[in-house]
Each structure stands twice: as structure tokens, then as C-alpha cells.
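Numbers restart at 1 for each chain; the letters A, B, ... are given by sequence-line order, proteins then strands.
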Number of protein chains: 2
Amino acid sequence: MKIDLNSISVLESIARNGSFAKAAEELNLVRSALTYTVKNIETKLNITIFDRSGHKAQLTPIGKYILEQGSDLLKQAQILEDNIQQIASGWETELHIVYDDIIPLKNLFPLIELFHLECPHIQLHITAERLKGTWEALFTKRADLIIGAAGDFAQAPEISTFTLGQLDFDFAVAPHHPLASLPEPIKNSEIIKYCSVVANDTAKELTPMTTGRLLGQDRIAVNSIHSKFIMQCAGLAVGFLPKIWIHDAVKKGKLIVKKVEKSKAGGNVSVAWNNQKIGKGLQWWLDHLRDKPSQLFTTN
Amino acid sequence: MKIDLNSISVLESIARNGSFAKAAEELNLVRSALTYTVKNIETKLNITIFDRSGHKAQLTPIGKYILEQGSDLLKQAQILEDNIQQIASGWETELHIVYDDIIPLKNLFPLIELFHLECPHIQLHITAERLKGTWEALFTKRADLIIGAAGDFAQAPEISTFTLGQLDFDFAVAPHHPLASLPEPIKNSEIIKYCSVVANDTAKELTPMTTGRLLGQDRIAVNSIHSKFIMQCAGLAVGFLPKIWIHDAVKKGKLIVKKVEKSKAGGNVSVAWNNQKIGKGLQWWLDHLRDKPSQLFTTN
DNA sequence: TTCATTGTTCAAAATACTTGTACAGGTTGT
DNA sequence: ACAACCTGTACAAGTATTTTGAACAATGAA
């Protein structure tokens, strides 16, 4: 390797200051030290970087090229150095959070904003998955933290979890749907006459979970609760939806909750993470999630 | 700057060889020299990169991070160094060629292939433009070389050109087009009854050239000769097309050439380039284009 | 012209890197 | 268990590289 970061920053300083003398002052070096450094790299590369034929030194075309590209290199090295310091001080440089799409993303907004305020230098990656998809993200290390994961699949000792709370479901239909006008509780034999919509498991490797639907019923599979929700609002299909998802729609009359013969049991949702390398960023999330888990289940 | 490229390559060697001793051998250094280097960078950054508690040194998590990111940095530095050498030896690292879309791209294939064979390390950027769009690319330095440029707009002393040859045009219509059955030569008064299609000038700043069409005629503007060609084949419109573009289609009966009252004069097309900084790559293209310009006008 | 400034040269000084040897553990094979 | 062979470290001595400062030639400004 003939080039080194120090030489590049010397070139950069000379170019920026317009002369060896000014750069020497900036770098707290004597002029001849810069002559030495520049000559050294010029000799190694067998090129000329500065044209010193005039009074002041001027970059040659190839010098300009080196400066341009070299500055990029310097910047990246600086970023690397900063990141090393950040990691060494216990903070991650980025954090991959996967949430189960059963939690409305907007309920995460307050935490995300606060985190950004307190740790603006940590890049958050927020991804939605469904059912076992969250666990898969954790096991494959695509996620550092999963929020709202269904059930408790933490078979491994390096996975820690705690329960966020319970999600309850209601059977919801559009006001103009035939089931809307039936007397309650609606029997399964009625429900299976109509199309249902299920939000698919997003797991690709783990065997997907199946979630309550009735045998023999037509069904559509979608890949998010939101798709399921708007499909039920449109009256295209029926099914169970989390109370937190339909609260507003029910208030506005866009969906109607019906009692059914066999209701769906509420399920616990959890937070889970890999306890092998807990950085301060992850700890921040764990602390805040433990503090007020209820904020994730709010309806406004 | 606390990190330097040399230290990173030492870390890299140790990690790759699995021990300080092996790395020392590879680097032709003595073991203690590596201890020194590693300790040095560890002290500067105030971290530990290798865990030496066991028999052999093992990367710590942060060491792994440094290695990953640092290797990228090293690679880029190596590329920069290579590029500097390449430029210093007179070869560009990339070459931007803009051709007038009136030249079928496949006619450039033999030259492109040969160039890639002889100069695999120079990245070619080949872009199509129309009419003054080629000149604009040259003037704005988006292009190092333009091929098949229409006319001769080289007003500036730093632009050199030579003529490639002449392109002749025929008036072509689809066999099922009404004009196909008219007696020759077809009068302008007949032609203006039908839609024509023109390939637009792609220049954005220079005032676009207008190319022969009749006043009062409906017209469609497209942005490539190929679009114009297939539109005429489909019988959607009529117009002049370069002989080299329609040769095959005429042979297969997909287009019919008709004599017209006012034929379109053939035009010279040129090669042009900026003569301020001619690298060896550019020179190669100039030599080969001057050598056999006719290959660009072939019909197979 | 004179004066300030620019970059270079060169020998000496300061710093940084490398070496070699000695040492304190581990691992392997018998 | 033991020798033989690893591994990495410590430290003093040697070598290489970088920095300094003074003297100098070339340029530009007043």
C-alpha cells in the first residue's frame, strides 16, 4: 500500500489552504515537513501531485483526482473511527427492530421519536413481520429486538423475553355485510358461508402458524393486518380483528362488532431479544418498553 | 486520525492467519512487531481488538467490526491506488461515449467488444442521444467522445471532429398503409394527410434541431429512431428513415420505400471529442473509428 | 528596487518502528 | 507426566522514518 491516510490529509490541507505554508501552520508542522510528505508520496506513486513551477503550488489534474477520491476515503475512515468509539462506549451504531404488524406502527411513534431525540446517532431499522416472522427475524439475527411477538417461542437460552400484554379480538363485519343483520350470537354455520381474510405468517423457514379460521370457509390470505382491516371494512370478507385496530372504525360505524358462537381467545404478545450482546441502545428500548407497555395498545 | 491503513492490514492478516505468529511470517516481520502494532492501535482507540486470554488470539466483537469495516476501507484504498497508476500511465479509468441513436447500437458492438478485450479495466458508459443531444453531452462534459453526431457544431477550439460518413434517408411506409399503393413520386399534398413520426432532439439546453417534416401535418414525437421505426412498421405513421435502419425490414417486406416529391438530403455524421485531455482509451477509439468508419453503417 | 512570501534542501534531532532474545503460558504426542 | 513445540509479551538495542530549523532561490506586491 503506497498511500496512507495521513498523507491524504496533508494533501487535503494544502489544497484547502492554497499553500504549503498555510497548511503547515494548520497542521502545526514546519513547511519542510510538508515538502517531505508530498515528495514522499509523489515518489512512491511516481507522479506529480502539485505543480510548483509558479509561486504557489497548484494541483495537477491527477492531484485533483487523488484529492477527490482520497477525501472520500478519509471521510469513511473518520466515520469508522467514530463508530468504533461509539460501539466501544456501549452504543450500537444501528438497531434492527422488528415489530409484529398486529401492533399499529403509530403506537411505536412516541418511542421512536424519543429515541431519535436521545440517540440521534443510532440508525433505526424498523420492519414489520407477522406471527412467527418476528421470531424468525430474531433467530436469524436480522432483528436485535422484536416487539409484539405472538406467543413465546424462546427455546434458546440466549433469547430473553417479557410479556407486553394481552391482545383481544372481536369479530367484525362491514355494516352492509349480510352477517351484520343476523341475530347474535352468530353461528359458525352462518360464518362459513362467507369469505374470510387471514393475515399470513411471514416466516419463511419456521413452519408458519395458522390462526383461527373455520374449516370449509373460503378465505383470502393477505400479508398485513392493515390489508385484512380494509378488506373487512369494504365488506369483501369477515374475520377477527384486534380491538385496538378496529376501535376507531367501530366508533365511526365503518365496522360492526358481532358476538359469535365461538369467540377468539386473546393472546399474549411479547418483547424478545438476544441477550448475548445488549448494547445501550437495546437496553434503552427494553427499559422504555417495560416501563409503559400499555402505550402500544392505545387506540388513539 | 487514529487508525491507519497499515494497521488495518496487519489486523486483517492476523485474523486471516489465525495467529500473530503466522501473520508475522506472512508479513515478513517478527512476532513482537505485530504485538507492538496491535497494542499501539488498541491504546490509541482505547479498546481491545484481540482477546489473548487463551492460547491463540481471538477477535473480540469490536475487533470483528473493525476488521469488517476496515477491510472495505483497505479495498477502496487499493482501488484508488490502482486507478492513480492507471491514470498516470495515460489510461482513463472510465470513458463516457455518447452515440447518436441514428447509429444502430449493434454496429458499435465489434468495437466495444474489442475495447473490452484490450482494455478490460476501463469502464465504458455508452449512452444514446439524438441530434444536438450528442453535442450537448460533449459540451457539458458528460461525454468524452460522441459518435455519429449530426452536423458539425464544434464552435470551440477545444473540440476536435472528423467526419464518419454520410447517412442517406428513404421515405418508408408499412405495406398496408394507404400511401403504399399511391403512384410514385408521392406528392407532399398526399403525405400531409397522414400522421408522421419524428425522433426528437434530446438536447435540454441547446436549442433543439428540427428535422424535415411538412407544415400542417399531424405528427407524433418519440425519443428514439427505434420507436419511430416500429411505429412506421406498424403503419401508425410515415416518415424518412435512415437506409441502414430499414434495410432488413424492406427486404422482409415489412416496410416499403416510396419515392417522394421532395426527398430528404443525406447528412454527414461526425465523431467529436474534447482535445484538452486525450487519454489512451479515447485515442484508441479515435484510431479505430478513423480506421474503418464504414463498419458503423453496415446493414447486417 | 525592497520586502514579504513561497517552496526546497540538507544535516541534525526526535520519533516511530523493527529486531532479537528471554520469558510465561498453552497444546500435542508419547 | 513430560518433553517438544506452539502461542503471545516484554524490553533493550538497532534501524527507519518523520520532523525540525536554518539557509537559500524564486516569485509577487508595493
Side-chain angles (χ1 to χ4, degrees), chain A residues 1-64 66-67 70 74 77 81, chain B residues 1-64 66-67 70 74 77 81:
Chain A
M1 185 73 37
K2 291 165 185 165
I3 57 183
D4 65 300
L5 298 175
N6 182 54
S7 304
I8 293 175
S9 65
V10 168
L11 297 185
E12 194 271 336
S13 178
I14 297 173
R16 185 160 35 73
N17 288 289
S19 76
F20 282 49
K22 298 258 176 62
E25 210 169 320
E26 178 179 88
L27 298 169
N28 294 313
L29 286 173
V30 98
R31 279 190 310 248
S32 54
L34 300 205
T35 302
Y36 172 85
T37 303
V38 172
K39 208 156 228 180
N40 189 253
I41 184 169
E42 284 185 328
T43 310
K44 275 188 197 157
L45 292 170
N46 192 29
I47 56 175
T48 84
I49 294 174
F50 287 100
D51 170 17
R52 291 91 143 179
S53 62
H55 180 44
K56 285 195 168 194
Q58 276 217 281
L59 278 172
T60 59
I62 201 165
K64 272 189 196 136
I66 296 175
L67 200 67
L74 267 186
E81 209 173 291
Chain B
M1 185 74 34
K2 289 164 186 164
I3 56 183
D4 65 300
L5 298 175
N6 182 55
S7 304
I8 293 174
S9 65
V10 168
L11 297 186
E12 193 271 335
S13 177
I14 297 173
R16 186 161 34 75
N17 287 290
S19 76
F20 282 48
K22 298 259 176 61
E25 210 170 319
E26 177 179 89
L27 298 169
N28 294 312
L29 286 172
V30 98
R31 278 190 310 246
S32 52
L34 300 206
T35 303
Y36 173 85
T37 303
V38 173
K39 208 156 228 180
N40 189 252
I41 184 169
E42 284 184 328
T43 309
K44 276 189 198 158
L45 292 170
N46 192 31
I47 56 176
T48 83
I49 294 173
F50 287 99
D51 169 17
R52 290 89 144 181
S53 63
H55 180 44
K56 285 195 169 194
Q58 275 216 276
L59 277 171
T60 59
I62 201 166
K64 272 189 195 136
I66 296 176
L67 201 67
L74 266 185
E81 207 174 292

>> Under the rule for side chain to side chain donor-acceptor pair (under 3.5 Å), what residues qualify as partners of B:N46, not counting sequence neighbours?
In response: none
>> Whole angstroms only, please: what is the CG-C1' distance between B:D51 and D:dT7?
In response: 13 Å
> Does the side chain of A:N6 reach to within under 4.5 Å of the side chain of B:D4, using non-hydrogen atoms?
Replying inline: no
> Heavy-atom distance under 4.5 Å between the side chains of A:T60 and A:T48, does that happen here?
Replying inline: yes
So, the side chain of [X] versus the backbone of [Y]: is there a donor-acceptor pair under 3.5 Å, distance only?
X: A:Q58; Y: A:D51; value: no
X: A:E81; Y: B:K2; value: yes
X: B:S13; Y: B:V10; value: no

What does the list of N/O pairs under 3.5 Å between the protein and nucleotides 20-23 of chain D look like, with a distance for each?
unit_1: D:dT20; atom_1: OP2; unit_2: A:V30; atom_2: N; d: 2.9
unit_1: D:dG21; atom_1: O6; unit_2: A:S32; atom_2: OG; d: 2.8

Tell me which nucleotide among [options] gets nearest to the side chain of [X].
X: B:N40; options: C:dG7, D:dT9, C:dC17; result: C:dC17
X: A:A21; options: D:dT19, C:dT9, C:dT6; result: C:dT6
X: A:K22; options: D:dT9, D:dT7, C:dT6; result: C:dT6

> Counting just side-chain N and O atoms, does A:R52 come under 4.0 Å of either OP1 or OP2 of C:dT8?
Replying inline: yes
> Does C:dT9 have OP1 or OP2 sitting under 4.0 Å from an N or O in the side chain of A:K39?
Replying inline: yes
>> At under 4.0 Å between heavy atoms, how does the protein contact nucleotides 25-30 of chain D? Give one character per nucleotide, 5' to 3', with B, S or -.
In response: --BS--
